[in-house]
Amino acid sequence: MSDSDPRQNSGLRRDLKARHITMIAVGGSIGTGLFVASGATIAQAGPGSALLAYSIIGLMVYFLMTSLGELAAYEPVAGSFSTYGRRYVDEGFGFALGWNYCYNWAITVAVDLVAAQLVMGWWFPNVPGTLWSALFLGFIFLLNYVSVKGFGETEYWFALLKVVTVIFFIGTGLAMIFGILSGDTPAGFANWTIGDAPFVGGLPALIGVAMVVGFSFQGTELIGIAAGETENPEKNIPKAVRQVFWRILLFYIFSIFIISMIIPYSDPRLLRNDVSDIAVSPFTLVFEHAGLLSAAALMNAVILTSVLSAGNSGLYASTRMLFVLACQGDAPKCFAKLSKSGVPRNALFATTAVAGLCFLTSRFDNQAVYLWLLNTSGMCGFIAWLGIAISHYRFRRGYVLNGYDVTKLPYHSSFFPYGPMFAFALCIIIMLGQNYTAFLEGKIDWGSVIATYIGIPLFLSVWFAYKFIKKTRFVRYSDMTFPEKYR
């Protein structure tokens with residue numbers, strides 16, 4: 001096979017070690033969604049519904065990661081979603097998935113740059129926000145420009161800081177709940193019995209917060225993108241996947257439970273979902289109840305780290321996907337060129353430029369355009385998850401029907417076929433239910449509806465346009481090919 005074959009490493013260097021890939025997976029699941037938005041989910045749906053939403057979405061993400069782990073350990077390539085979609089579903093499907101994911105993370109970088117200037121504004125209110133965005137964009141660009149090892153090492157320390165913060169938060173919360181550490185308010189199940197708690201707003205509220213919860217989990221799939229540059233992927237990818245469940249349980253479920261035990265859902269500060277006001281982060285509120293007066297400064301530093309980590313990962317993911325698209329002939333060949341250190345720098349330049357242009361759009365207060373970009377980006381994440389579920393289901397079916405032994409795989413999901421089927425169904429429900437209340441009102445706000453759902457018709461348009469032009473068809477199970485070493 002040629003170097004451009006996506007099933008090979010395509011010249012990328014496998015410099016990411018086991019500790020890097022594990023912490024990249026950890027870092028992908030901890031961010032502002034947990035540190036800031038988690039309070040809004042409790043306020044809107046009550047402690048019971050919030051905990052249920054995080055549990056259900058967490059289970060779905062775990063199933064998705066076992067599916068991705070099976071695919072990535074078997075075929076560790078940088079453009080995993082695009083490659084798997086092409087090989088096991090349809091060429092057009094893989095093409096659309098690749099561009100969908102590339103666009104998703106390029107836009108996410110721009111969003112993170114705006115968030116970074118808001119966070120820095122807490123410390124330096126008189127410094128222009130554009131200065132911080134430009135500084136941080138240059139910082140994450142350099143991290144990705146030098147080598148993949150630089151990216152991995154930075155993500156390792158970023159993720160480690162977030163992990164330590166969550167563990168410290170959980171320890172502080174448990175000490176308050178069990179009376180070891182006395183705060184200014186009693187902690188216990190009393191907050192689960194006030195008002196309409198624990199389930200506020202019924203099923204509509206549960207579906208509503210499920211969207212926010214789902215967005216907060218996006219990024220865990222980065223291990224699939226990093227697989228192409230991972231040392232010994234057959235061993236290290238499964239190792240990272242096996243730890244996903246415990247990360248979800250510890251970081252999300254425990255955190256939400258502790259917040260709900262210490263802060264009543266009726267606290268008006270929880271309704272705020274604003275990264276520019278660190279004082280309303282539920283983590284900050286819990287630390288303040290415990291008497292830690294410097295909690296706001298601590299969380300501001302951690303949230304800034306989360307924002308930079310997300311931007312760093314976004315630039316990496318979008319660059320690698322554009323590189324693989326170029327290797328497959330789905331993007332200009334210049335983006336397939338690698339530096340001596342194994343970095344696709346032309347693809348990095350292009351991704352950085354897109355991120356910068358999107359940032360400028362928000363800078364000039366073109367709120368309508370920026371809102372569209374943001375909503376499209378959020379929907380793109382769920383489309384990528386759908387792609388994982390569909391690709392894994394068809395891969396496993398084709399693998400078995402062609403006479404291959406599942407036990408010979410480097411890693412195989414024990415939840416097939418129910419895992420990918422559950423993930424697929426839940427993704428569809430969440431995507432279509434994202435703004436369903438708009439259709440129940442007397443007058444439909446079409447602007448809001450289009451901004452919410454625009455990602456779906458865009459993806460389908462790209463997919464079917466490719467099918468029409470290239471005359472592609474769904475890959476038959478009998479036409480799938482697999483390396484002999486896995487027979």
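Residue numbers count from 1 along this sequence. Because the structure is a prediction, the values reported are computed rather than measured. Only this structure's heavy atoms are used, side chains among them; waters, hydrogens and symmetry mates stay out.
Ring planes of Phe482 and Tyr399: perpendicular class, angle over 60° (limits at 30 and 60°).
Within the structure, every pair that satisfies the salt bridge (Lys or Arg N to Asp or Glu O under 4.0 Å) test and touches residues 90-106, not counting sequence neighbours, is listed here: Arg86-Glu91, Asp90-Lys467. The side chain to side chain donor-acceptor pair (under 3.5 Å) contacts involving residues 378-387 comprise Glu221-Trp385, where partners must be two or more places apart or lie in separate chains. Among pairs with a residue in residues 473-482, those fulfilling salt bridge (Lys or Arg N to Asp or Glu O under 4.0 Å) read Arg473-Asp479, at least two apart in sequence or across chains. Sorted by first and then second residue, the pairs that involve residues 61-72 and meet salt bridge (Lys or Arg N to Asp or Glu O under 4.0 Å), not counting sequence neighbours, are Glu70-Arg396.
Scored by the ring pair (Phe, Tyr, Trp, His ring centres under 6.0 Å) test, Phe349 finds Phe141 as partners (sequence neighbours excluded). The ring pair (Phe, Tyr, Trp, His ring centres under 6.0 Å) check on Phe169 picks up Phe283, Phe287, with sequence neighbours excluded. For the side-chain hydrogen bond (donor to acceptor under 3.5 Å, both in side chains) test, no residue two or more places apart in sequence or in another chain qualifies with Tyr156. Remark: Ser413 pairs with Thr66 by the side-chain hydrogen bond (donor to acceptor under 3.5 Å, both in side chains) rule, at least two apart or across chains. Taking the side-chain hydrogen bond (donor to acceptor under 3.5 Å, both in side chains) definition, one finds that Ser313 meets it with Glu155, sequence neighbours left out. In terms of the ring pair (Phe, Tyr, Trp, His ring centres under 6.0 Å) criterion, residue partners of Tyr316 (sequence neighbours excluded) are, by chain and number, Phe151. Take Tyr54 and apply the side-chain hydrogen bond (donor to acceptor under 3.5 Å, both in side chains) test, not counting sequence neighbours, and it matches no residue. His392 meets the ring pair (Phe, Tyr, Trp, His ring centres under 6.0 Å) test with Phe416; sequence neighbours excluded.
Ion pairing of Glu231 with Arg13 is absent here, as no side-chain N (NZ or NE/NH1/NH2) approaches a carboxylate O to less than 4.0 Å.
Judged by a 6.0 Å distance limit and a 45° cone about the ring axis, Arg345 is positioned over the six-membered ring of Tyr145.
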